[in-house]
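Here is the structure we will look at.
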Amino acid sequence: MAITLWNLFEASILFLNAICVLHEERFLAKIGWSTTNMNQGFGEPPSVKSNILNLIRSIRTVMRIPLIVLNTLTILIKVILG
């Protein structure tokens, strides 16, 4: 099976869906990645864990509506084209 643009598009949608489904209290807190455990002082640069948590939170905020549209279009194309 060759890698096509459609496969890359589907993979990116699945990856974004996986990020948006992560729940902070249920999943991330169990592995120690909740925002309540963050003890960062004033003037200190943010840690890698803090940056990843901010990225997850921003993807969740920004991509909520576009992901609904992209998922719907992907499902319709799969149903129509097989």
Side-chain angles (χ1 to χ4, degrees):
M1 180 167 139
I3 296 178
T4 62
L5 287 177
W6 179 254
N7 289 341
L8 291 174
F9 175 73
E10 281 183 335
S12 63
I13 287 180
L14 288 173
F15 182 71
L16 287 173
N17 282 331
I19 289 175
C20 288
V21 168
L22 287 177
H23 195 270
E24 272 190 49
E25 288 82 27
R26 289 189 203 161
F27 178 74
L28 295 176
K30 288 183 181 177
I31 60 172
W33 280 48
S34 82
T35 54
T36 58
N37 295 341
M38 302 303 262
N39 294 330
Q40 182 178 348
F42 182 73
E44 292 180 10
S47 65
V48 174
K49 183 165 63 169
S50 172
N51 284 337
I52 291 173
L53 284 173
N54 286 334
L55 177 67
I56 290 172
R57 200 172 303 114
S58 347
I59 288 173
R60 242 189 262 149
T61 303
V62 172
M63 292 300 294
R64 181 171 290 153
I65 302 300
L67 265 178
I68 293 170
V69 173
L70 289 173
N71 283 327
T72 305
L73 287 174
T74 303
I75 291 169
L76 287 174
I77 289 173
K78 284 287 198 176
V79 166
I80 291 171
L81 297 179

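All heavy atoms count here, side chains included; hydrogens, waters and symmetry mates do not.
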Which distance, rounded to the nearest 0.5 Å, do you find between the CD1 of Ile19 and the OG of Ser58? 10.0 Å

Which other residues end up in the same hydrophobic cluster as Val21, if Ile, Leu, Val, Met, Phe, Trp and Tyr are linked when side-chain heavy atoms come under 4.5 Å apart? none

So the salt bridge (Lys or Arg N to Asp or Glu O under 4.0 Å) pairs with at least one residue in residues 63-72 (sequence neighbours excluded) are none

Please name all residues satisfying side chain to side chain contact (heavy atoms under 4.5 Å, CB included) with Ile52, sequence neighbours left out, ordered by chain then number. Trp33, Val48, Ile56

I need the Arg60 CZ to Leu55 CG distance, nearest 0.5 Å. 10.5 Å

My understanding is that only residues two or more places apart in sequence, or in another chain, count here; which of them pass side chain to side chain contact (heavy atoms under 4.5 Å, CB included) with Thr4? Trp6, Asn7

Contacts of type ring-ring contact (aromatic ring centres under 6.0 Å, His included), residue Phe15, not counting sequence neighbours: none

Determine all donor-acceptor pairs shorter than 3.5 Å in which one atom belongs to a side chain in residues 71-82; sequence neighbours excluded.
from  : atom 1 : to    : atom 2 : distance (Å)
Asn71 : OD1    : Asn17 : ND2    : 3.1
Asn71 : ND2    : Asn17 : OD1    : 3.1
Asn71 : ND2    : Leu67 : O      : 3.0
Thr72 : OG1    : Ile68 : O      : 2.7
Thr74 : OG1    : Leu70 : O      : 2.7
Lys78 : NZ     : Glu10 : OE2    : 3.1

